[in-house]
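All values reported here derive from a predicted model rather than from experimental measurement. Just so it is clear, the values below take in all heavy atoms, side chains as well, and ignore hydrogens, waters and symmetry mates.
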Amino acid sequence: MSATANTQRWRAADGWRQLFRERQVIPLLVFLGALILVYAVARPGIVDANWAGVIFRSAIPLAILAGCQTLAMLTGGIDLSVGAVASMSGFMVATLMNSDGLAFGIAVGLGAAVLAGLLNGIGIGVFRVNPLIMTLGTSLVVLGLDNAWQIKMVVAGATPPPEFRYIGTERVAEIFPLSLIVFLPIAVLILVGLRRTGYGRMLFAIGDNPVAARLSGARAWQVLLVLYVISALMAAIAGFLLTGLNNAAAVTLGDPFVLPSVAAAVIGGTSIFGGRGGYGGTIVGALILTVIAALLTALSFPEAIRQIVFGTIIVAVAAAYTRVTAER
Amino acid sequence: VSAAATTADVRSRPGDAAGAWLRRNGWTIGLIVLFAVLLVVTKVIQPRYGVAGIQALSNAALPLALAAVGQAICVIVGGIDLSIGAMMTLTSVVAASLMKGQSEEAALGIVFGVLILGLLLGAVNGTLVVLTKVPDIVVTLAMGFVWGGCAVLVLSAPGGASAQWLKELVIGSFGNELIPKPLVVLIAVVAIIWIPLSRSWLGLSIYAVGSNQLAAYRSGVSVGRSKVAAYAFTGLFAALAGLSLTASTGIGTPVQGPYTLYSVAAVVLGGVSLAGGRGGVFGAVVAVLVLQILSMDLTFLKIDPNLAVVAQGLILISVVMLGGLVDWRRSRR
């Protein structure tokens, strides 16, 4: 009711704000366009189909990991274990491939991810541990087991599967990376699932008002358990793609993506407090971060400056975004 | 169970101050007991454990304990600071690079300046959180990149130096060999800064904002100012932790340790609610000691260090689960 009252009070000058508030992806796309323009001016002639293909290719694993964060954040949670789980799954496949075959490796990688997800889900859903702490603890557990596994497998060695490399790096007509085959189904499932399925609405409901959700008969623990298993599975898939993209399998491969994945979801307009957001914005957020990283590399800034600019931009974008779309 | 609990409640009089104090500090006291038990266990599995061991323990615990105190303050105000490791690194390298080739007296001024720098870094974090209304996690996460980058700009490779008196402050022991200097420094610093703060009007408003922002605002507390102040104190403790790193290693290193995440873990183990407004810094300090002695014990037991990491993760999870169960039982009464 107060929302209607507010709507009436909005002046014409605030019309664009209203548009942005309802279509949150538009300002993000404008910002992405501006960034690409800057890139095109800074490095004339480099922005073409080939460039776009490279950007898409490196944005896809980040977008999948940011999807994990989006789903978790809708319920008011966060999943800091995605980096450890992604590295673990990729590493499992790389170490098992030579002795037991690719299919077995993938099965073990996904199975291990499910176990990590179950651990998260049980802690957060059943024991109501704070998600930040729970997923942090899980990533310690996963990292430790991973290192122990690495020492055990040091003789066998780790070979990134050529199939992963093919899917992770190859492109069709320069612009479409093959990893879209993996990413598109996931993206469609999340986008449609969040809007059109009961489970998707349940995620919003739990994040928006846990008490109301409980009183309306939602079993929060079941929803959360499934959520963190889904999140771990997505992280594992992102880990496979990262292994292929970097042509390397390492126990720390996914770590640098954890914080950007949270940043991408936040820039994309998903509230870290739960109940508000969606995957469309997150995908654009992942693209924005990838373009910024590429831009900073192209301008050959030293690593230190790159980090500073990266951090500043995340705060600035999140602040501008909060200002534009803030509820009054 | 609930019937027994009710009887116990009836029996304890409202004026029973000792009981109330016990209940309020129950978690910290439990941790101290746990720490004592672990000390005994350590002595049993490693009969040679003695003065040197306690020295090593308190040396290793000092930076993390100071970081945990800083983290606790901004968690109490209802925030979280994921840039604490980066602030430690930045203040540590600034101190080390400035102190190189300087006299002992000049180093005193430098230490003072670095503490001011810490306050400023924290105040920037807090101001950004308040002004932008972006969630604390996101702001401090991003500022972690910024402070980390600044640290690399200041010192691109490990280097610099530390004043002799600063080094001596954290090495060795006072009088009795069983009282290591780092522990004394830790207790002194925390007592000098935290106790007056927690008893002041500012400390009260930090707790008020953390437990209920709206209620605090309506009672006339300036929410924004309290938050900025709390973050500034977090920065101050990060600077103290950074100085302790410089002091114990003698140089500054632009690479971040795992301090951010462990400080959050220690705060939670120390009984500070991540929802804000509840707990104190002493629990966090004891939690750091417990974590340190646990990892030491795992080394003594010759457990594969990787499995020791697993054990730390499991301990973290199970203690928090236990805390959750205790809270849940308490709320059902």
Side-chain angles (χ1 to χ4, degrees), chain A residues 73 78 80-81 84 119-120 122-123 126-134 136-152 251 258-260 262-263 265-267 271-273 302-323 326, chain B residues 80 82-83 86 125 128-129 131-156 254 258 260-262 264-265 267-269 273-275 304-325 327-328:
Chain A
M73 276 160 61
I78 193 167
L80 293 183
S81 66
L119 183 61
N120 278 333
I122 290 171
V126 181
F127 287 93
R128 306 204 183 150
V129 178
N130 183 296
L132 190 76
I133 293 297
M134 188 64 211
L136 179 62
T138 301
S139 55
L140 278 182
V141 171
V142 170
L143 179 70
L145 288 175
D146 228 10
N147 275 322
W149 174 257
Q150 183 176 31
I151 289 168
K152 200 164 158 340
V251 291
V258 177
L259 306 187
V262 178
V266 170
I267 289 177
S271 163
I272 210 156
F273 301 120
E303 173 64 23
I305 304 272
R306 253 191 284 169
Q307 276 189 28
I308 295 173
V309 175
F310 199 66
T312 314
I313 287 178
I314 291 176
V315 174
V317 172
Y321 199 73
T322 317
R323 180 130 309 175
Chain B
I80 191 164
L82 299 184
S83 71
N125 283 346
L128 283 173
V129 166
L131 284 188
T132 63
K133 297 192 182 114
V134 175
D136 308 61
I137 294 188
V138 180
V139 171
T140 54
L141 204 67
M143 290 315 284
F145 282 107
V146 175
W147 304 142
C150 290
V152 178
L153 278 189
V154 172
L155 206 61
S156 54
T260 303
L261 296 184
Y262 276 100
V264 177
V267 160
V268 173
L269 291 192
S273 160
L274 278 182
D304 177 352
N306 299 312
L307 293 182
V309 175
V310 176
Q312 278 180 1
L314 289 177
I315 289 166
L316 174 64
I317 294 169
S318 42
V319 172
V320 179
M321 280 183 184
L322 182 77
L325 283 182
D327 267 6
W328 184 67

Peer 1: Mind checking the CE-CD1 spacing from B/Met143 to A/Ile308? Nearest 0.5 Å is all I need.
Peer 2: 9.5 Å
Peer 1: Between B/Val268 and A/Asn130, is any pair of side-chain heavy atoms under 4.5 Å apart?
Peer 2: no
Peer 1: Measure the shortest side-chain to side-chain distance between A/Val315 and B/Val134 over non-hydrogen atoms and say whether it is less than 4.5 angstrom.
Peer 2: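 Sidechains of B/Val134 and A/Val315: no contact.
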Peer 1: When heavy-atom pairs shorter than 4.5 Å are enumerated against chain A, which of B/Ile80, B/Val138, B/Val310, B/Ile137 gives the highest number?
Peer 2: B/Val310
Peer 1: Quick one: of A/Ala263, A/Gly311, A/Pro260, who has the most non-hydrogen atom pairs under 4.5 Å with chain B?
Peer 2: A/Gly311
Peer 1: Check each of A/Ile133, A/Ile122, A/Thr138 against B/Ile317 using the side-chain contact (heavy atoms from CB on, under 4.5 Å) test, and report the only one that passes.
Peer 2: A/Thr138
Peer 1: For the interface with chain A, which of B/Leu141, B/Val152, B/Val264, B/Leu307 has the highest count of heavy-atom pairs at distances below 4.5 Å?
Peer 2: B/Leu141
Peer 1: Determine whether B/Leu82 and A/Leu259 make a side-chain contact, defined as any pair of heavy atoms from C-beta on separated by less than 4.5 Å.
Peer 2: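 In short, these two side chains do not touch, never coming nearer than 4.5 Å.
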Peer 1: Specify which of A/Ile267, A/Leu136, A/Val126 makes the most heavy-atom pairs with chain B at under 4.5 Å.
Peer 2: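 Sorted descending by pairs with chain B, the first entry is A/Leu136.
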Peer 1: Tell me, please, which residues at least two apart from A/Ser271 pass side-chain contact (heavy atoms from CB on, under 4.5 Å).
Peer 2: A/Phe273, A/Arg276
Peer 1: Below 4.5 Å, heavy-atom pairs only: which of B/Ala311, B/Gly313, B/Gly149 has the largest tally toward chain A?
Peer 2: B/Gly149
Peer 1: If you round to the nearest 0.5 Å, how far is CG of B/Leu274 from CG of A/Leu132?
Peer 2: 6.5 Å
Peer 1: About how many Å separate CG of A/Leu140 and CG of B/Leu314, when rounded to the nearest 0.5 Å?
Peer 2: 9.5 Å
Peer 1: What pairs with B/Phe145 under ring pair (Phe, Tyr, Trp, His ring centres under 6.0 Å), at least two apart in sequence or on another chain?
Peer 2: A/Phe310
